[in-house]
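We number each residue from 1, following the sequence as shown.
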Amino acid sequence: MTLQISDDNRVRTLVLNRPEALNAFNEGLYLATATALREAAVDPDVAVVLITGAGRAFSAGNDLKEMQARIEDASINTGSHFSTMIAALTELPKPLICAVNGVGLGIGTTILGYADLVFMASTARLKCPFTSLGVAPEAASSYLLPQLIGRQNAAWLLLSSEWVDAAEAQRMGIAWKVCEPDDLLPEARRHAEILASRSIPSLVAVKQTIVDPYRTGIAEATERENAHFMELLGGAANAAALADFTGQGKA
């Protein structure tokens, strides 16, 4: 099961569960996460959604082996459930908490732009590897990250392809709380249950008033990013990076 789902005290916890692949998102995990988010949105017994990862990673981002397969075989390049998950994140009417237990790469970082609260383990790290992969940003990160952490912090994350540790992520404003690894889930759950004890219609109203002004910007950024991403996907820099990753690059 690529996604574990559990309920407790009106908090629905989604655990990304591909530890052998550092919880990288393949098509199955994108769809499972989108479906779980949409089900939580309409479940009257769910007030808050909490996302974390199994094992030592939060998420290693997009499954690069699958990305390469989609480039090499045009017959499977017929759209992705990545966009299905981003739509579900954008439309989620209830509070979303992310507990970053380990490395967050690519979508493992950009998903945090949709979170209402982010908790990070002190040992966790984030990276947006787009320029090292020769591609463009995704998940409306070119819009959401400047809104969340300021233009220069966002520029460094999106342009450098360098790691950002938990302390720096908190200084930037992408992490709200940094916890010792053993305290991460208890602290995230404690705060989730505080929110979940409140009126769900009130929680939804508060989130809507916060998020609605950004929806147009998210849609426009997604369209811009997708155009650049498809233009760069399979290009020289991207092909070389993927070949290196899969061990097919020249020595």
Side-chain angles (χ1 to χ4, degrees), residues 2-6 11-26 29-30 32-34 36-37 40 48-63 82 85-86 88-89 92 94-130 137-141 144-145 147-150 153-154 156-158 160-195:
T2 60
L3 186 71
Q4 295 178 338
I5 304 172
S6 61
V11 177
R12 178 158 295 172
T13 300
L14 310 181
V15 180
L16 308 176
N17 188 38
R18 298 185 71 217
E20 75 288 349
L22 299 180
N23 303 323
F25 278 89
N26 59 7
L29 186 53
Y30 281 131
T33 305
L37 290 168
V48 178
V49 177
L50 172 63
I51 298 179
T52 193
R56 61 190 180 94
F58 178 59
S59 173
N62 190 59
D63 190 314
F82 172 86
M85 187 182 79
I86 296 304
L89 286 165
L92 183 67
K94 297 170 181 176
L96 174 64
I97 296 176
C98 288
V100 183
N101 56 299
V103 295
L105 272 164
I107 187 62
T109 292
T110 56
I111 194 174
L112 304 181
Y114 295 87
D116 299 294
L117 296 172
V118 174
F119 294 78
M120 278 186 72
S122 57
T123 51
R125 297 186 299 162
L126 304 175
K127 181 196 277 193
C128 292
F130 306 123
E138 30 93 299
S141 56
L144 287 173
L145 288 182
Q147 296 287 339
L148 178 64
I149 62 177
N153 286 327
W156 180 250
L157 262 179
L158 294 173
S160 72
S161 294
E162 290 290 312
W163 288 105
V164 169
D165 64 21
E168 183 70 358
Q170 187 176 36
R171 185 200 65 75
M172 286 179 166
I174 197 169
W176 187 53
K177 302 280 188 185
V178 173
C179 311
E180 290 305 308
D182 289 345
D183 297 331
L184 177 69
L185 270 181
E187 275 297 283
R189 289 184 191 280
R190 183 172 72 83
H191 286 81
E193 288 180 6
I194 290 171
L195 297 187

Without swapping roles, check the side chain of [X] against the backbone of [Y] for a donor-acceptor pair under 3.5 Å.
X    : Y    : result
T109 : G104 : yes
D63  : A24  : no
D165 : A124 : no

Beyond-backbone contact of [X] with [Y], side-chain heavy atoms, under 4.5 angstrom:
X    : Y    : result
R18  : L16  : no
I51  : F58  : yes
L126 : L112 : yes
V103 : W163 : yes
R56  : L22  : yes
P129 : L105 : yes
L37  : L14  : yes

Nearest 0.5 angstrom please: [X] [atom1] to [Y] [atom2], how far?
X    : Y    : atom1 : atom2 : answer
N26  : T2   : CG    : OG1   : 6.5 Å
L184 : N101 : CG    : CG    : 6.5 Å
E138 : C128 : CD    : SG    : 7.5 Å
S161 : W156 : OG    : CH2   : 9.5 Å
L117 : H191 : CG    : NE2   : 7.5 Å

Please report the shortest heavy-atom distance between [X] and [Y], naming the atom on each side.
X    : Y    : answer
A139 : I107 : CB-CD1, 3.9 Å
A169 : M120 : CB-SD, 3.6 Å
P95  : D116 : CA-OD2, 3.3 Å
A54  : N17  : CB-OD1, 3.5 Å
P19  : N23  : N-OD1, 3.2 Å
A166 : A121 : CB-O, 3.4 Å

List in chain and number order the residues that pass side chain to side chain donor-acceptor pair (under 3.5 Å) with [X], two or more places apart in sequence or in another chain; answer none if no residue qualifies.
X    : result
Q4   : none
S141 : none
R171 : N153, E168
R189 : T13

Check residues 173-180 and write down every donor-acceptor pair under 3.5 Å in which the side-chain atom is one partner and the other belongs to a residue at least two apart or another chain.
none

Using 30° and 60° as the class boundaries, would you call the ring planes of Y30 and F25 parallel, tilted or perpendicular?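 It falls in the parallel class, under 30°.
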
Residues in side chain to side chain contact (heavy atoms under 4.5 Å, CB included) with L144, at least two apart?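 L144: side chain to side chain contact (heavy atoms under 4.5 Å, CB included) contacts with Y114, A140, I218.
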
List the steps, then state whether side-chain contact (heavy atoms from CB on, under 4.5 Å) holds for L157 with I149. CA-CA 10 Å; L157 262 179; I149 62 177; 3.7 Å; yes

